[in-house]
Amino acid sequence: MVMISVSRLYLATLLALAAANPLGRRTMSVHESRQVVPAGFAHAGTPSPSQEITLRIALTNTDIKGLEAKTYAVSDPANPLYGQHLTPNEVADYVKPTAETLSAVTEWLKENNLVAKSISPAGDLLQISLPISKANDLLSAQFTTFKHVASGKESIRTLSYSVPESLKEEIQFFHPTVAFVPPLNGKPGLTAINSKRELKERATVPASCASVANPACLIAEYNIPTTLANNSATNNLVVAGYIEQYANQADLQRFLTALRPELGNATFALQTLDGGINDQTLSNAGVEANLDVDMTVGLAAGVPVTFLSVGEDNNDDVDGFVDIVNFLLAEPDGVRPTVLTTSYGFNEADLPASLAINICNAYMQLGAVGTSVFFASGDGGVGGIQSTSCTAFVPTAPSGCPFVTSVGGTAGVPQSAAGLSGGGFSNYFPTPDFQAGDVASYLSSIGTQYSGLYNATGRGFPDIAATAENVEIAWDGSFWTVDGTSCATPISASIFALVNDRLIAAGKPVLGFLNPFLYSPAGRAAFNDITSGSNPGCNTEGFSATAGWDPVTGLGTPDFNKLLTAVGL
Ligand SMILES: *[C@@H]1O[C@H](CO)[C@@H](O)[C@H](O)[C@H]1NC(C)=O
Ligand SMILES: *[C@@H]1O[C@H](CO)[C@@H](O)[C@H](O)[C@H]1NC(C)=O
Ligand SMILES: *[C@@H]1O[C@H](CO)[C@@H](O)[C@H](O)[C@H]1NC(C)=O
């Protein structure tokens with residue numbers, strides 16, 4: 001021990017005397033870097049060298065391509081393996097680092113008196129805590145305090161870091177390091193709260209579902225069954241909650257009493273992660289969280305719904321998006337959700353490609369074990385999560401990940417595309433095979449329109465759509481209508497959770513990773529094609545909804561009865 005500290009002192013002296021590659025120090029190689037501080041962030045000082053930071057190391061997986069092939073095989077209705085979801089252990093065999101990778105990285109950390117702990121079920125994600133001075137030394141980095149100007153939120157990042165050249169292939173990335181991800185928006189996906197309504201007015205079904213889309217409207221629009229789902233033991237719809245958005249029980253009860261009285265005191269269970277809570281003070285109810293539980297408990301009648309509140313104690317760069325997947329993957333069969341719905345997202349460019357790909361691989365793992373993963377496509381049309389000024393179209397994340405089902409928005413009676421519906425093409429993920437024909441047809445239909453504004457070789461989104469304007473919710477003791485693909489996502493998730501209930505009743509596997517099924521001949525026949533409207537943004541009219549798939553409403557809106565036919569029930 002003493003010897004080590006003496007030699008480290010000696011090394012420090014040597015470093016000071018002759019900067020280049022002293023004996024005993026490994027040859028370092030820049031692993032990730034950026035030239036400038038991204039727009040929206042500013043330097044905010046130098047942290048104390050003794051301050052502890054927690055860093056994560058994503059190790060190279062044993063065979064991620066193998067898992068991808070297997071996941072597609074079990075999710076493609078045309079494949080004999082369809083429905084044979086993997087076990088978490090089978091997934092872990094693909095995802096875990098090789099023994100060589102793990103020992104090479106562990107050895108290097110040991111040379112630096114560091115011991116990492118594994119924080120993912122497969123062991124591909126390690127975590128270390130160390131003083132900033134030591135992190136700077138370990139990674140040839142310069143950790144500095146930065147501030148996200150709009151929110152004032154501070155974070156410690158570096159513009160560049162290195163790893164030993166001999167470990168370049170073993171390490172995907174260290175984080176948080178070069179990623180500058182803006183915090184999730186306080187009212188994600190909601191563009192407006194349009195009106196406040198008295199409870200007594202809501203006791204009957206309104207004449208026009210175009211101006212108030214209540215549960216009766218949605219049930220009629222999508223043929224959602226009103227008989228209770230019965231297979232609560234193995235079916236579980238999980239709503240992801242972030243950024244201290246709390247789902248209020250009293251508001252939910254108010255919603256059900258007025259709009260689905262036959263559901264009585266139906267409610268949701270609570271799980272928490274990363275210090276998340278679910279404060280029940282009425283004035284602290286979150287619009288997004290209430291919307292999510294109203295649409296799931298209120299539409300997926302009889303399916304157990306869990307609100308999973310992810311707190312601020314996450315170290316994953318992305319508000320807990322990585323943590324939640326590892327948390328769910330570690331859950332036992334029967335507890336792990338069959339459907340996960342998330343109405344939060346980012347603009348794709350705000351995540352470095354390395355992180356976006358890593359998160360996407362996490363969703364692939366969930367899909368492989370039988371969880372259908374839904375995300376809102378964004379509320380800024382072709383302009384991204386929210387409408388902003390832009391010169392090129394802004395794809396959103398994680399909608400660009402082929403392993404999530406991205407949900408766009410519709411409005412009106414009959415339904416047409418909602419102008420807010422996020423849609424377009426990823427710059428990080430290429431067009432997957434399941435939609436290659438659809439994307440090619442759509443792009444040939446628009447010719448050179450918008451050429452250069454979007455990535456013609458990227459994964460197109462959304463995959464499907466549902467009502468995203470004037471959706472009625474209860475919030476803060478009253479009734480409101482809200483807009484956003486945040487509405488469409490839990491509505492869609494509920495419909496698929498009810499399909500899973502029928503599959504379980506018939507002794508069949510649940511749907512799992514959905515997209516290859518959705519785009520199959522049987523799957524696409526279960527959608528009502530939306531052929532009017534567009535998603536303006538970036539000073540353009542945006543893409544137009546057309547016959548067939550389009551980057552506004554995807555394949556169209558789901559029909560429960562047609563979905564039963566599509567799954568062979
Ligand atoms: C669930 O069970 C009840 C009572 O047996 C029955 O009335 C109802 O139709 C069932 N629901 C479904 C979806 O099968
Ligand atoms: C809901 O009502 C039923 C029947 O009255 C009761 O058994 C159950 O405990 C209630 N659940 C909650 C969460 O209040
Ligand atoms: C377009 O998408 C492809 C496929 O994902 C990607 O390789 C390429 O870098 C993207 N182009 C731009 C300009 O981002």
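Heads up: numbering here begins at 1 and tracks the sequence. Every number for a ligand or one of its atoms is a count from 1 in the order of the listing.
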Participant: Would you mind running through ligand 1 and noting each atom that sits below 4.0 Å from a heavy atom of L228?
Facilitator: 1 (C), 10 (C), 11 (N), 12 (C), 13 (C)
Participant: Could you name the option among G400, A349, P430, P395 that has the heavy atom nearest to atom 5 (O) of ligand 3?
Facilitator: P430
Participant: Would the distance check show the side chain of S494 and the main-chain N or O of M295 forming a donor-acceptor pair, the cut-off being under 3.5 Å?
Facilitator: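 Answer holds: yes.
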Participant: Which heavy atom of the protein is the closest neighbour of atom 12 (C) of ligand 3, given with residue, atom name and distance?
Facilitator: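 The closest heavy atom on the protein side is N455 ND2, 3.5 Å.
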Participant: Which atoms of ligand 3 sit under 4.0 Å from any heavy atom of F429?
Facilitator: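 Close to F429: 5 (O).
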Participant: Where do G383 and C538 come nearest, in terms of heavy atoms and distance?
Facilitator: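 Minimum heavy-atom contact is CA-SG, 3.8 Å.
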Participant: I'd like to check which ligand 3 atoms, numbered from 1 as shown, lie under 4.0 Å from a non-hydrogen atom of Y428.
Facilitator: 5 (O)
Participant: Which residue owns the protein heavy atom closest to atom 3 (C) of ligand 3, what's the atom, and how far is it?
Facilitator: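 Ranking protein heavy atoms by distance from atom 3 (C) of ligand 3, first comes T457 OG1, 3.4 Å.
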Participant: Below 4.0 angstrom from a heavy atom of R502, which ligand 1 atoms are there? Numbered from 1 as shown, please.
Facilitator: 13 (C)
Participant: Are the side chain of D294 and the backbone N or O of A474 linked by a donor-acceptor pair below 3.5 Å?
Facilitator: yes
Participant: Tell me, which protein residue and heavy-atom name are nearest atom 7 (O) of ligand 3, and how many Å apart are they?
Facilitator: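 In this structure, atom 7 (O) of ligand 3 has N427 O, 4.8 Å as its nearest protein heavy atom.
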Participant: Go through the steps to decide whether N528 and Q415 satisfy the test side-chain hydrogen bond (donor to acceptor under 3.5 Å, both in side chains), and finish with yes or no.
Facilitator: CA-CA 9 Å; N528 295 319; Q415 300 241 287; over 6 Å; no
Participant: Atom CG in N235, atom OG1 in T338: separation rounded to 0.5 Å?
Facilitator: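 That separation rounds to 4.0 Å.
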Participant: By the definition side-chain hydrogen bond (donor to acceptor under 3.5 Å, both in side chains), identify the one residue from T101, T60, T98 that meets it with E170.
Facilitator: T101
Participant: Under 4.0 Å from atom 14 (O) of ligand 1, is there any protein heavy atom?
Facilitator: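 Yes, at least one protein heavy atom sits under 4.0 Å from atom 14 (O) of ligand 1.
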Participant: Mind checking whether A229 has an N or O less than 3.5 Å away from an N or O of ligand 1?
Facilitator: no
Participant: Give the residue, atom name and distance (to 0.1 Å) of the protein heavy atom nearest atom 10 (C) of ligand 1.
Facilitator: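 Closest protein heavy atom to atom 10 (C) of ligand 1: N230 ND2, 2.5 Å.
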Participant: For F517 together with F434, are the ring centres under 6.0 Å from each other?
Facilitator: no
Participant: Does G437 offer a backbone N or O that forms a donor-acceptor pair with the side chain of Y519 under 3.5 Å?
Facilitator: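 Judged by distance alone, no pair lies under 3.5 Å.
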Participant: Can you check whether a protein heavy atom sits less than 4.0 angstrom from atom 1 (C) of ligand 3?
Facilitator: yes
